[in-house]
Each structure stands twice: as structure tokens, then as C-alpha cells.
Engineer: 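First the structure, which I've put down as C-alpha cells, then a few questions once you've had a look.
Keep in mind that what you see is a predicted model, and the values were worked out from it rather than measured. In what follows, every chain begins at residue 1, and chains take the letters A, B, ... in the order their sequences are listed.
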Number of protein chains: 2
Amino acid sequence: MASNLKEGTSNAQNRQLLSAWCSVNDVLRDISPRWKMVLLHGITHGVAQFSRLKQAFPTLSDQVLGQRLAELVAEGLVEKTVVAATVPTQIHYAPTPKGRALLTIIDALQHWGEQDWSRDHP
Amino acid sequence: MASNLKEGTSNAQNRQLLSAWCSVNDVLRDISPRWKMVLLHGITHGVAQFSRLKQAFPTLSDQVLGQRLAELVAEGLVEKTVVAATVPTQIHYAPTPKGRALLTIIDALQHWGEQDWSRDHP
DNA sequence: ACAATAACTCACCCGAAAGTGAGCCTCTTC
DNA sequence: GAAGAGGCTCACTTTCGGGTGAGTTATTGT
């Protein structure tokens with residue numbers, strides 16, 4: 001993570017360009033990874049542990065679950081709390097205000113998606 | 001496009017599962033492709049032709065531009081109008097009500113992203 | 001002694017997203 | 001008669017997201 005500086009492939013360049021042009025592109029990239037918003041929703045609604053989430057979404061791999069949780073924590077959308085420091089360390093996740101605010105917008109998106117746009121409107 | 005039924009790679013399966021669990025996943029997938037929302041924004045603000053968009057985003061390839069425009073049209077976010085049926089066919093794009101409604105939510109997302117969540121709030 | 005348990009992490013692989021270059025179509029201009 | 005204009009589309013290549021399986025940690029139940 002500290003030694004590779006090439007980064008010239010224009011794929012990465014374009015990503016940076018978009019970030020620079022408008023910050024919304026970063027937000028879109030942050031919220032679109034698969035499972036992420038679903039996990040945020042689950043955590044907010046009480047499914048707040050690694051193993052509980054695993055049960056809730058059996059087809060989701062440990063690998064990706066761990067990664068998504070780490071992202072959510074890193075972006076300040078959920079908070080991680082150690083419940084029991086015993087050996088199988090138990091951990092509890094809870095949404096931050098930021099995370100809850102995001103969910104509101106996500107709800108709006110869902111609403112938008114389900115709306116019938118065939119008839120004209122105000 | 002009509003003959004391939006295999007679809008067993010679990011990558012695709014999971015995508016379908018997510019769609020089935022919550023429609024918001026489809027929306028997220030639809031809005032997250034690179035350039036898409038930026039293009040929608042541009043079109044809404046008067047940059048409404050293929051070549052104009054090309055100029056506005058020089059690093060975006062024709063290939064992807066064409067594809068994104070087609071998606072936007074297919075999803076009913078923008079409308080395509082033939083301006084001049086002369087040989088270099090001129091075409092004009094304009095956002096639909098649905099497209100404008102989406103931009104509103106995208107704005108909310110941007111706002112959310114730019115907000116300072118470090119201090120507590122109501 | 002050995003499986004199970006909670007929460008991860010590592011090495012590997014495959015398909016999809018997105019980038020590049022060229023081609024096409026007909027009409028007008030140099 | 002060649003080039004350029006406008007709007008695409010095709011073939012090819014690279015990057016990266018996300019999937020799988022196995023390994024790690026220490027303690028407890030059988």
C-alpha cells in the first residue's frame with residue numbers, strides 16, 4: 001500500500017477527475033457497492049453482529065461482509081463496540097447520525113424507483 | 001440475447017437476490033455507473049448533444065458516452081429528439097420529469113456528503 | 001483432545017465495467 | 001477527391017469488484 005505509484009491507466013485518472021469535478025461522484029461510489037446499504041439498513045434495524053448478519057444474508061461471503069463493515073465504520077456510518085472481550089470477541093454495530101441520515105435519502109431513492117412516472121405530474 | 005440461460009456464477013445470483021430483497025438495489029445499480037449522473041446533470045443544464053457532451057468531458061470515450069446515453073433514454077430519464085434529419089443527424093437530449101426528480105435526490109446526496117457530521121445535531 | 005464459536009484475514013479466480021482505436025453513413029466544404 | 005461533421009457501433013484489452021475456501025485467535029463444552 002506504500003510502494004506502488006504507477007497509476008497511469010486513465011481508468012484511475014477518470015475516477016479522480018470525476019471526484020474533482022463533483023463530490024457527488026464520491027458519494028455515489030461509496031454507497032453503491034453491493035450489500036452496503038442493505039447492511040446499513042439491517043444494522044439500523046437490530047441485526048447488529050457479524051454472525052447475525054451472516055445468517056441474515058447467507059449468500060454473502062465472510063470476506064465481503066468484513067470488508068463492507070470496515071468501510072461503513074471507516075466512513076463514519078456505523079460504530080463498532082466491543083461487547084465482550086472474551087475470546088470469541090463479541091462486537092456490536094450501531095448506526096451513527098450520519099448513517100441514519102443517509103438511510104433517509106436511500107429511502108427517498110427507493111420511493112422514487114417505485115413511483116409510476118407514466119402519468120404527468122405537477 | 002435470448003439463448004443463454006446458464007447464469008450460475010453466484011455473482012449474478014447474488015445480484016438477483018438483492019434485487020428481489022429490495023428494489024432499492026436496482027436503483028443503486030442504475031445510478032452508480034460512472035459519468036451517468038454527471039451526464040444527466042449536464043443534459044439538464046443545457047449540454048444536450050453528443051458532441052457537446054464530448055467536449056464537456058474530453059476524457060470520456062465515445063463508447064461509454066453512447067452507452068450511458070442509451071441507458072438514460074431506456075430508463076426514461078432523458079428523451080431523445082431528432083432535430084435535423086439531414087445527414088449528420090442532429091439529436092437533442094432533454095430530461096424527463098423522472099430524470100429531474102432523480103436529480104433532486106442526487107442533490108440531497110451531495111449535500112449529505114458535504115455536511116459536517118462531527119458536531120452533534122438534532 | 002477436539003469441535004465449535006465470533007470475527008476476521010489471506011490467496012486465488014472469474015466476469016463485468018470501462019478504456020482505446022477504428023469504422024460507418026451521407027452530405028457539404030476546401 | 002479528401003476531409004470533416006454528428007452520432008454512433010464493433011473488436012479488443014485492462015482493471016477491479018466480488019465470489020470461494022481455508023487459516024487465525026483463545027476459550028469453553030463433551
Side-chain angles (χ1 to χ4, degrees), chain A residues 1 4 6-18 25 28-36 38-39 43 47-55 57-74 78 80-93, chain B residues 4 6-18 25 28-36 38-39 43 47-74 78 80-93:
Chain A
M1 219 192 221
N4 190 352
K6 58 177 182 162
E7 290 284 318
T9 36
S10 208
N11 187 345
Q13 279 181 348
N14 266 346
R15 183 185 310 181
Q16 289 184 323
L17 268 181
L18 277 174
N25 291 295
L28 285 171
R29 263 199 90 68
D30 285 347
I31 68 175
S32 55
R34 205 179 276 187
W35 303 103
K36 203 159 175 187
V38 177
L39 288 174
I43 289 170
V47 186
Q49 291 177 56
F50 198 98
S51 47
R52 306 278 321 282
L53 288 163
K54 248 180 92 141
Q55 289 165 14
F57 308 107
T59 62
L60 169 59
S61 62
D62 286 16
Q63 158 85 306
V64 175
L65 176 52
Q67 189 174 313
R68 292 289 164 268
L69 286 173
E71 289 170 15
L72 287 169
V73 171
V78 307
K80 187 174 179 173
T81 326
V82 176
V83 171
T86 68
V87 174
T89 336
Q90 275 203 345
I91 288 192
H92 181 258
Y93 293 95
Chain B
N4 191 352
K6 58 177 182 164
E7 290 285 317
T9 34
S10 209
N11 186 342
Q13 278 181 349
N14 268 345
R15 183 185 308 182
Q16 290 184 324
L17 269 179
L18 278 174
N25 291 295
L28 285 171
R29 266 198 87 69
D30 284 347
I31 68 175
S32 54
R34 205 177 277 185
W35 304 102
K36 202 159 175 187
V38 178
L39 288 174
I43 289 171
V47 187
Q49 290 177 58
F50 198 100
S51 45
R52 305 278 319 282
L53 289 163
K54 248 181 91 140
Q55 290 166 13
F57 308 107
T59 62
L60 169 59
S61 63
D62 287 16
Q63 159 87 305
V64 175
L65 176 51
Q67 189 172 312
R68 291 290 164 267
L69 286 173
E71 287 170 17
L72 287 169
V73 170
V78 306
K80 187 177 182 174
T81 326
V82 176
V83 171
T86 68
V87 174
T89 335
Q90 276 204 344
I91 288 193
H92 182 256
Y93 293 96

Engineer: Report, as a single string ordered 5' to 3', how protein heavy atoms within less than 4.0 Å touch nucleotides 7-13 of chain C: B base, S sugar-phosphate only, - not at all.
Structural biologist: SBBBB--

Engineer: Nearest whole Å is fine: how far is dC16(D) C1' from R34(A) CZ?
Structural biologist: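 Value for this atom pair: 13 Å.
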
Engineer: Are N14(B) and dG19(D) close enough that a side-chain N or O sits under 4.0 Å from OP1 or OP2?
Structural biologist: yes

Engineer: Specify the separation, in whole Å, of atom CG of N25(B) and atom P of dG18(D).
Structural biologist: 12 Å

Engineer: Examine distances only and state if a side-chain atom of R29(B) and a backbone atom of R34(A) form a donor-acceptor pair shorter than 3.5 Å.
Structural biologist: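 The answer is no, because no donor-acceptor pair under 3.5 Å joins these two groups.
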
Engineer: Given atom CZ of R15(B) and atom P of dG19(D), what is their separation to the nearest angstrom?
Structural biologist: 10 Å

Engineer: Measure CG/L60(A) against P/dT20(D) and give the value in whole Å, please.
Structural biologist: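 In whole Å, dT20(D) P lies 9 Å from L60(A) CG.
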
Engineer: Between atom CG in L28(B) and atom P in dA17(C), what is the gap in whole Å?
Structural biologist: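 Rounded to whole Å, this separation is 15 Å.
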
Engineer: Show your reasoning for whether side chain to side chain contact (heavy atoms under 4.5 Å, CB included) applies to I31(B) and K36(B).
Structural biologist: CA-CA 7 Å; I31(B) 68 175; K36(B) 202 159 175 187; over 6 Å; no

Engineer: Quickly work out the F57(A) CZ to dG18(D) P distance and round it to whole Å.
Structural biologist: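 Distance check: F57(A) CZ to dG18(D) P gives 15 Å.
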
Engineer: Ignoring backbone atoms, establish whether R29(B) has a side-chain N or O less than 4.0 Å from OP1 or OP2 of dG17(D).
Structural biologist: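 No, because none of the side-chain N or O atoms of R29(B) sits under 4.0 Å from OP1 or OP2 of dG17(D).
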
Engineer: Apply the test side chain to side chain contact (heavy atoms under 4.5 Å, CB included) to residues F50(B) and L65(B): give CA-CA distance (whole Å), side-chain angles for both, the deciding distance (0.1 Å), then the verdict.
Structural biologist: CA-CA 8 Å; F50(B) 198 100; L65(B) 176 51; 3.8 Å; yes

Engineer: Taking CD from Q13(B) and P from dG18(D), how many angstroms apart are they, rounded to a whole number?
Structural biologist: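 Rounding to the nearest Å, CD of Q13(B) and P of dG18(D) are 16 Å apart.
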
Engineer: Going by the rule side chain to side chain donor-acceptor pair (under 3.5 Å), which residues pair with S32(A) if we only count those two or more places apart in sequence or in a different chain?
Structural biologist: none

Engineer: Do the side chains of T59(A) and W35(A) get nearer than 4.5 Å, heavy atoms only?
Structural biologist: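 Yes. Closest side-chain heavy atoms under 4.5 Å.
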
Engineer: Mind checking side chain to side chain donor-acceptor pair (under 3.5 Å) for D30(B) and listing every partner two or more places apart, or none if nothing turns up?
Structural biologist: none

Engineer: Could you state the atom-to-atom distance from CG of L53(B) to P of dA5(D) in whole Å?
Structural biologist: 17 Å

Engineer: OP1 or OP2 of dG21(D) sitting under 4.0 Å from any side-chain N/O of S61(A)?
Structural biologist: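 No, outside the criterion.
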
Engineer: Please name all residues satisfying side chain to side chain donor-acceptor pair (under 3.5 Å) with K54(B), sequence neighbours left out, ordered by chain then number.
Structural biologist: D62(B)

Engineer: List for me each residue that meets side-chain contact (heavy atoms from CB on, under 4.5 Å) alongside V38(B), sequence neighbours excluded, and say none if there are none.
Structural biologist: L18(A), N25(A), F57(B)

Engineer: Between the two ends of the helix from dA1(C)-dT30(D) to dC30(C)-dG1(D), what is the bend in degrees, rounded to 10 degrees, where each end axis spans five pairs?
Structural biologist: 30°

Engineer: Side-chain contact, heavy-atom cut-off 4.5 Å: L69(B) with V73(B)?
Structural biologist: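 They are not in contact (no side-chain heavy atoms under 4.5 Å apart), so the answer is no.
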
